[in-house]
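Take a look at the structure below.
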Amino acid sequence: MTDLAHPDRLDKVARLRAAGIDPYPARGVEAEPLAELVRDLGSPQSPGPRVGARVKAAGRLLSLRDFGKLIFAPLVDKGGRIQLGFQRDVLTDWWPNRKLLDGGDLVGVEGELGFTQKGEPTLWVHEVHILAKSVAPPPEKWHGLVDKELRYRRRYVDLWSSPGIADVFVARSRIVSKIRRDLEARGFLEVETPVLQPIAGGAAAKPFVTHHNALGLDMYLRIAPELYLKRLIVGGLEKVFEFARNFRNEGLSLRHNPEFTMLEVYWAQADYRHQIQLTEELIEAAAREANGSTHVRFRDREYDLRAPFRRVSYMELFEERNGCAFRDEAAVRAIAKRLGIREEHGYPKLANDVFEATCEDALEGVVFVVGYPIEISPLAKADPENPGVAERFELFVGGMEVANGFSELNDPAEQARRFEEQIATKDPEAPGEVDVDYVQALEYGMPPTAGVGIGIDRLVMVLTGQDSIRDVLLFPTLRPLHADTHGETQADGESGAAGSKHAPEA
RNA sequence: GGGUGCAUAGCUCAGUCGGUAGAGCAACUGGCUUUUAACCAGUAGGUCCUAGGUUCGAGUCCUAGUGCACUCACCA
């Protein structure tokens, strides 16, 4: 038992047992969803079909308003809420036990649907069963859980005590489900590829390192599933996708969590133009699924996600904003100097930084940027008409990158050369060694293929209007609490259990 | 990693010029059969984040630390 458990409530557990009532019974009750009960009850002005009906319900009591011989208590379940009315004259036998109920308790009830004098839909209770006694005090009834950290740490409280929170995660589930169904309908196969990888490839990012004891081998949590999914294209699976949890050992922000979900789709015989179209169609459908419309409100701005989305050319935008070509090194360096941008990993990266600094505002709407410099696209195929430009696109919504896709490089020699080049930059985010097995896979021959990665967390942010990635993650990454000091134990009751499950920080 | 801010009862928060701890909610006791942030009366509840320092005296001022929020950088 932790310090979170309230002595008065623990005492009530004992009193329930003494009264012959199991505070944690083994069986639940068959209950109807509260939202349906409320819907079918209607209102006093337009009564529904189930006024006076005898029903069973289960849920969590939020609070109790005790009038002596009458108690009102709101009951919530997943997505619904109704008021319970307990009356002494109806619950004669149970009445002496009423003081053993608290806000937060889980109960099952049987009773009759009706209204109060004020017209509030009410389930007039005839039978009460406690389903689980809550010994931790619920959040303050008016303000609720306002401490953001506590909301993330105790999502299990946030979900039932903060209105609208559960809706975001229901929407997330529907978005993912819709995308999955749409891809399956188009003949794509959902697959699973390794999270534990001997070489962290497929993106530029710092990986988490772990160790496999039996193999005596350091391994990485994947930063991207890309190289494995393309192996499957070599294997002839033709159209594959994975909702891939990726792990990147980098900073946290409104848009970044160390683990995040990326949908990656690979499509043989397609090129980047097919993927652009697929991307916008999937997103439009997901928007309709989540909101019933293509209009979304994100960070105080309205966006219309109806396909097709606008396209702009990377190189043209660069020239328009900077008055010089991407590869006009002298001119670009001068601009970089004026903007105070320092070179860190070679010229192409510097020029891309200039792009990001000068073209940012052009990415404010819903827009595909198309045709990235080949130098910063090591896994993408060059445009046959324009060898310096990769057949690559990124999708931005409100300035935030949501998707990245391209025609996949399938020339094994060229891929090996680009891997070597990447490693030579000594960029800490470049892979440490060439993924020889991947190059070998290409040597067997990969058909012309296009791939895209869609940031699912960020897409959900846009579609549900959440500013922070943490608000679309049920359990965002947090520093674990330690039970070392008394102060922290007091501040958080579950710290002892939680702390013991976490490995020490590396 | 840098900057700014915050940390007081279970929760949300006050706390004046440095003078020894307050409210509402929750809990407990009593009253109340139509409330909905119910109401009325009472009781109990404090390592003022931690460790130092200044001072006759620190919740308050100073230093360091810890945690969190916001923000910048990196990243998708």
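Hydrogens, waters and symmetry mates are skipped; everything else that's a heavy atom, side chains included, is used. Just so we're on the same page: letters track the sequence lines, and every chain starts at 1.
- Among the protein residues, A:Phe115 comes within range of no part of the nucleic acid, since none of its heavy atoms lies under 4.0 Å from any strand.
- Contacts of A:Leu131 classified as side chain to side chain contact (heavy atoms under 4.5 Å, CB included), with partners at least two apart in sequence or in another chain: A:Val29, A:Ala58, A:Leu106.
- A side-chain donor-acceptor contact under 3.5 Å links A:Thr193 and A:Arg222.
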Taking N or O atoms only and anything under 3.5 Å, show me the protein contacts with nucleotides 70-74 of chain B, one pair per line.
from	atom 1	to	atom 2	distance (Å)
B:C70	OP1	A:Lys148	NZ	3.1
B:C74	O2'	A:Glu429	OE2	3.3

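- Base engagement by A:Asn257 is indicated by at least one non-hydrogen atom pair under 4.0 Å involving a base atom.
- For B:G24, its base sits under 3.5 Å from the side chain of A:Glu140 at one donor and acceptor pair at least.
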Scan the side chains in residues 79-98 of chain A for donor-acceptor partners under 3.5 Å anywhere in the protein, sequence neighbours excluded, and list what turns up.
from	atom 1	to	atom 2	distance (Å)
A:Gln83	OE1	A:Arg65	NH2	3.1
A:Gln83	NE2	A:Thr122	OG1	3.1
A:Arg98	NH1	A:Trp95	O	3.1

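- With sequence neighbours left out, the side chain to side chain donor-acceptor pair (under 3.5 Å) criterion links A:Tyr152 to A:Asp471.
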Provide a list of protein-nucleic acid N or O atom pairs under 3.5 angstrom, restricted to nucleotides 21-23 of chain B.
none

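- Under the ring pair (Phe, Tyr, Trp, His ring centres under 6.0 Å) criterion, A:Phe318 pairs with A:Phe326, not counting sequence neighbours.
- For A:Asp353, the side chain to side chain contact (heavy atoms under 4.5 Å, CB included) criterion is met by A:Ile341, A:Lys349, A:Glu356, not counting sequence neighbours.
- Every residue meeting the side chain to side chain contact (heavy atoms under 4.5 Å, CB included) condition with A:Asn249, not counting sequence neighbours, appears here in chain and number order: A:Lys206, A:Phe208.
- Within the nucleic acid shown, A:Ala203 has no heavy atom closer than 4.0 Å to any nucleic acid atom.
- Within 4.0 Å (heavy atoms only), A:Asp66 reaches at least one base atom of the nucleic acid.
- Every residue two or more places apart in sequence or in another chain that forms a side chain to side chain contact (heavy atoms under 4.5 Å, CB included) with A:Val176 is listed here: A:Arg180, A:Phe243, A:Ile456.
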